[in-house]
Structure formats: C-alpha cells, structure tokens
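Here is how names work: the chains are called A, B, and so on, in the same order as the sequence lines, proteins then strands, and each is numbered from 1.
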2 protein chains.
Amino acid sequence: MADKTYNIGVEATMEVIGGKWKAIILCHLRHDTMRTSELRRAIPQITQKMLTQQLRELEADGIVQRRVYEQVPPKVEYCLTERGESLNMILNQLCKWGEANIDERRAKGEVIELIHRDDVSLEQNQSAS
Amino acid sequence: MADKTYNIGVEATMEVIGGKWKAIILCHLRHDTMRTSELRRAIPQITQKMLTQQLRELEADGIVQRRVYEQVPPKVEYCLTERGESLNMILNQLCKWGEANIDERRAKGEVIELIHRDDVSLEQNQSAS
DNA sequence: ACAATTACGTACTAAAAAGTGCGATACACA
DNA sequence: TGTGTATCGCACTTTTTAGTACGTAATTGT
C-alpha cells in the first residue's frame, strides 16, 4: 500500500464520499438496506456501471456491506457498515443544507425543483435556540 | 437561468462543496478571514489558477465574500458569508470524520500521514450522552 | 533600469471521472 | 426456441476537472 499524506481531515473524507454519486447513494442507504435495482430506481440518472463501480469503491473503503444471495435471478443487497453509519449525521446535514439552499435560491427567483425532500424530522437534531 | 432539477438535497450541497479543493478551502476559511497568499500557503498543492477559480465559484454561490483593497501590490481577502457560515458544522464534522478515519486506517497498518489535525475542541459540539 | 511583490486572466494540455454499448450468466415461463 | 429477469464485467468514447505555462498591473526597493 503506497504512502499517503493528507493535509487536513476533510481531504480524507471527501476521498470517500466525493464524486458525483457516492453521497447520493449513501443518503439512500442510510435509511434502508437496498438491493441494486432499488438503488437504480431511487437514482434514475445513474447508470448500472456507475452504480456498481461506486458501490465497489464504498465497499473497499469499508462504508457499505454487500450481501449476495445465491439465487437466480441474482439478488444483491447493500447496507451501511458500522463505519458507514458513522457518516449518518453528516449525510443528514448535507441533505438538509441542500434543501435549505434550494429554498433560498428559489426565493431569489431561480427555477429549481427538488423531487424528494427528506423527512428526517426528529432524528439526531440539536438545533440550539 | 436554466431549469435545474435535483432528486435529493445532498446533490445541491455537493454541487457547492464538491470537487478536489472547495471543501478544503472552506475548512480553512471557517476559522479566519484569509488573503489569497495565506490560502496558498495553507494549501500547498493547489495552483494559483485553481485557487482563484474555486474561490470565484464559491463567491458566485454566495458562500464566500471577496474583499479587494485598492493598494499595490494588491490585497484581496476572503471570508465566509452568512450562508457560508451555515456550513460550519458540516465542515467541522467532515474534518473530524476524516481524522478518525485516518486513525482507523493507520491502526490497520496503512502508512498514512495527516499534517494538520484540526483542534476544533469545544466549539459547536453537541455529542449527546 | 530592473527585480520583487500580489493577485488574476487566458490558451493550451493532461488526467480523471463518467457514460455508452455490448456480452455473460442461469433459470423461469410461454 | 425465444424472452424476461437481476447483476455484473469489459472495451471504448466523451465530458469534466485539474494542471502548465505564460502574460498583465502598479508600486517599492536596489
């Protein structure tokens, strides 16, 4: 394994959840275990190749767990590992911030649509005030 | 402004803080106002072009504020806007998660180095328990 | 005169990430 | 025999992102 150097923690995090698809995949998996086809339906624009590829990388990073059922047609399920679960709070906040931001932008006249608003409501919220 | 559609909030967030440099830049700016040259020293691998380009995009997204002092040689400072500040908690957590992850990986035998460990200690932390 | 300073732009190139199109498997069912 | 299912791999192309190399400005100090 080659020597690796980070300057600041966030670099290591973005290496794991960065890119066009990973954070989205993880946001879906944080609620449920899902099979490949469910993820594909939940993320319509992703291609099969990208989905598999990103899931493989997340697996290699110890974030998701892959479970294969030996049956035909195949059935493969993915869920977060313990390390993946430790991203839960971050994922929730990323979702919420994005939603709030979309609202602000819309209030300023931009034409934006948000298909699925996450209802995390009363989970690990700690809004001081 | 062209019509834009998101499926889930996190997409909008990653559009703003994604990419190789933005989250890193923001992590540095969350403590201080900094001028261009300070940022460059804080993030040694970034090129001048990338730094400027990313800052411009963050400015366009209303995340950072650019202040130009009319003097020679030029002096330009950047700081977070209110909207940028609203990312603070996320940025802290991204840093902390990365640090913890680096520790885990090192414990498993990987040869990793982390130059700057962030000491956010007692800021807006809310660890229940 | 000339270098150093600080911030930025622009044309061009290189590398990384994502997308397309195709094939494979192995069984069920018409 | 042929079609549908669910998952994945591979070769290839396109798009996006990042990096290189260079040039500008206006002033201070040598």
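- What separates CD1 of B:I25 from C1' of D:dT17 is a distance of 14 Å, to the nearest Å.
- Between C:dC8 and B:T36, a contact under 4.0 Å exists linking OP1 or OP2 to a side-chain N or O.
- Here the P atom of nucleotide C:dT6 and the CE atom of B:M34 are 14 Å apart, to the nearest Å.
- Applying the salt bridge (charged side-chain N to carboxylate O under 4.0 Å, His left out) rule to A:D103 yields the partners A:R106, A:R117; only residues at least two apart in sequence or on another chain are considered.
- Under the side chain to side chain donor-acceptor pair (under 3.5 Å) criterion, A:W97 pairs with B:S86, not counting sequence neighbours.
- The side chain of A:R35 contributes an N or O atom lying less than 4.0 Å from OP1 or OP2 of D:dT7.
- Note: the hydrophobic cluster containing A:V10 does not contain B:I102 (ILVMFWY, side chain heavy atoms under 4.5 Å, direct or indirect links).
- Of the possible donor and acceptor atoms, none in the side chain of A:R41 sits under 3.5 Å from a partner among the backbone N and O of A:T36.
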Seminar exercise, completed: Protein heavy-atom contacts under 4.0 Å, written 5' to 3' over nucleotides 17-22 of chain C as B (base), S (sugar-phosphate only) or - (none), form the string -BBB--
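- Summarising the geometry, the separation between CG on A:L55 and P on D:dA6 is reported as 17 Å, rounded to the nearest angstrom.
- The backbone N or O of A:I90 sits nowhere less than 3.5 Å from a side-chain atom of A:Q93 that would complete a donor-acceptor pair.
- A close approach under 4.0 Å does occur between a side-chain nitrogen or oxygen of B:R56 and OP1 or OP2 of C:dC8.
- Phosphate proximity of D:dG9 to A:T52: absent, as no side-chain N or O sits under 4.0 Å from OP1 or OP2.
- In this structure, the CD atom of B:E70 is 16 Å from the P atom of D:dA25, given to the nearest Å.
- As a whole-Å value, the separation of B:Q48 CD from C:dA11 P is 18 Å.
- A distance-only check finds no donor-acceptor pair linking the side chain of A:T5 to the backbone of B:E113 [under 3.5 Å].
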Pair up each side-chain donor or acceptor in residues 62-77 of chain A with any protein partner under 3.5 Å, not counting sequence neighbours, and list the distances.
from	atom 1	to	atom 2	distance (Å)
A:R66	NE	A:Y78	OH	3.2
A:Y69	OH	A:E77	OE1	3.0

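- Residues from residues 71-78 of chain B with heavy atoms under 4.0 angstrom of DNA chain C, sorted by number: B:P73, B:P74, B:V76, B:Y78.
- Across all strands, B:R66 comes closer than 4.0 Å only to sugar-phosphate atoms, never to a base (heavy-atom distances).
- Note: CG (B:L51) to P (D:dT17) measures 18 Å, nearest angstrom.
- Applying the salt bridge (charged side-chain N to carboxylate O under 4.0 Å, His left out) rule to A:R105 yields the partners A:E110; only residues at least two apart in sequence or on another chain are considered.
- We find that CG of A:L39 is positioned 13 Å from C1' of D:dA6, with the value rounded to whole Å.
- Taking 4.0 Å as the cut-off between side-chain N and carboxylate O, A:K4 and A:E11 do not count as a salt-bridged pair.
- Atom CD of B:E57 and atom P of C:dG9 are 12 Å apart (whole Å).
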